[in-house]
Amino acid sequence: MITTRAPEFRDALPAGGVLIGLDPGTKTIGLALCDAGWRFATPDKTIVRRKFLDDKAHIATVIAARQVVGMVIGLPLNMDGSDSPRAQSARAMARNLADFGLPVLMWDERWSTKAAERAMIDLDMSRARRAERIDAHAAALILQGAIDALSGALF
């Protein structure tokens with residue numbers, strides 16, 4: 001199941017369990033994970049994109065190791081809410097990951113990378129370190145927004 005509606009996604013999940021957040025970019029995929037109680041999202045890794053099957057295998061390894069029960073994928077919409085070309089790519093990624101058998105929530109990620117960069121600058125992180133970690137931090141912001149909605153904080 002792939003949806004953009006948090007309540008529908010929540011209904012497809014067990015009561016709790018680890019979720020993975022993905023921030024798909026053209027060159028990298030940022031990964032984040034949350035605790036089983038859906039309270040805190042934390043950055044995990046940044047995958048340098050290669051062949052999709054290699055990227056998918058890497059994501060599958062993380063899912064298996066952490067016993068993930070659902071995926072939240074960043075949906076880069078235009079500022080007016082319409083789909084951008086990157087949004088179409090994110091939707092294609094969701095379809096290609098659907099064979100994992102996990103519910104997928106496509107979550108509006110507008111401004112996530114900018115917010116992650118601002119937070120990293122506020123932490124006085126070097127430019128080189130920010131470049132290495134920006135996508136994983138953006139994935140954590142995407143996942144945090146989704147788990148806040150799932151836990152009722154935004155309802």
Using side-chain heavy atoms (C-beta onward) and a distance below 4.5 Å, is [X] in contact with [Y]?
| X | Y | result |
| --- | --- | --- |
| Leu22 | Leu31 | yes |
| Val18 | Val69 | no |
| Asp55 | Arg50 | yes |

Do you know which two heavy atoms are closest between [X] and [Y], and how far apart they sit?
| X | Y | value |
| --- | --- | --- |
| Ala90 | Gly74 | CB-O, 3.5 Å |
| Pro103 | Leu13 | CG-CD2, 3.8 Å |
| Ala139 | Gly30 | CB-O, 3.4 Å |
| Ala149 | Trp107 | CB-CH2, 3.6 Å |
| Ala136 | Ala32 | O-CB, 4.1 Å |

Roughly how far, to the nearest 0.5 Å, is the [atom2] atom of [Y] from the [atom1] atom of [X]?
| X | Y | atom1 | atom2 | answer |
| --- | --- | --- | --- | --- |
| Leu33 | Ile63 | CG | CD1 | 9.5 Å |
| Leu143 | Leu105 | CG | CG | 9.5 Å |
| Met106 | Met71 | CE | CE | 10.0 Å |
| Arg95 | Ile73 | CZ | CD1 | 10.5 Å |
| Ile20 | Leu102 | CD1 | CG | 9.0 Å |

Next on the checklist: The test is side chain to side chain contact (heavy atoms under 4.5 Å, CB included); show your working for Val68 and Phe100 and say whether it passes.
Outcome noted: CA-CA 10 Å; Val68 170; Phe100 288 154; over 6 Å; no
Checklist entry - Sequence neighbours excluded, which residues qualify as salt bridge (Lys or Arg N to Asp or Glu O under 4.0 Å) partners of Asp35? => result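 For Asp35, the residues satisfying salt bridge (Lys or Arg N to Asp or Glu O under 4.0 Å) (neighbours in sequence not counted) are Arg39.
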Checklist entry - Can you get from Met1 to Leu19 by hopping between Ile, Leu, Val, Met, Phe, Trp and Tyr side chains that sit under 4.5 Å apart? => result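 Yes: a chain of side-chain contacts under 4.5 Å links Met1 to Leu19.
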Checklist entry - Would you say Ile142 and Phe40 are hydrophobically clustered, going by side-chain heavy atoms of ILVMFWY under 4.5 Å? => result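 No: no chain of side-chain contacts under 4.5 Å links Ile142 to Phe40.
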Checklist entry - Hey, is CZ on Phe52 packed in by over 12 heavy atoms from elsewhere, all under 6.0 Å? => result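 More than 12 within 6.0 Å, yes.
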Checklist entry - Is there any side-chain hydrogen bond (donor to acceptor under 3.5 Å, both in side chains) pair reaching into residues 56-77, and which pairs are they, with sequence neighbours excluded? => result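 Passing the test, one end in residues 56-77: Lys56-Asp99.
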Next on the checklist: Any side-chain to backbone donor/acceptor pair from Arg91 onto Leu75? Under 3.5 Å, distance only.
Outcome noted: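 Between the backbone of Leu75 and the side chain of Arg91 there is no qualifying donor-acceptor contact (under 3.5 Å).
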Next on the checklist: Quick one: does any side-chain atom of Arg49 pair with a main-chain N or O of Gly25 as donor and acceptor, under 3.5 Å?
Outcome noted: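 Answer holds: yes.
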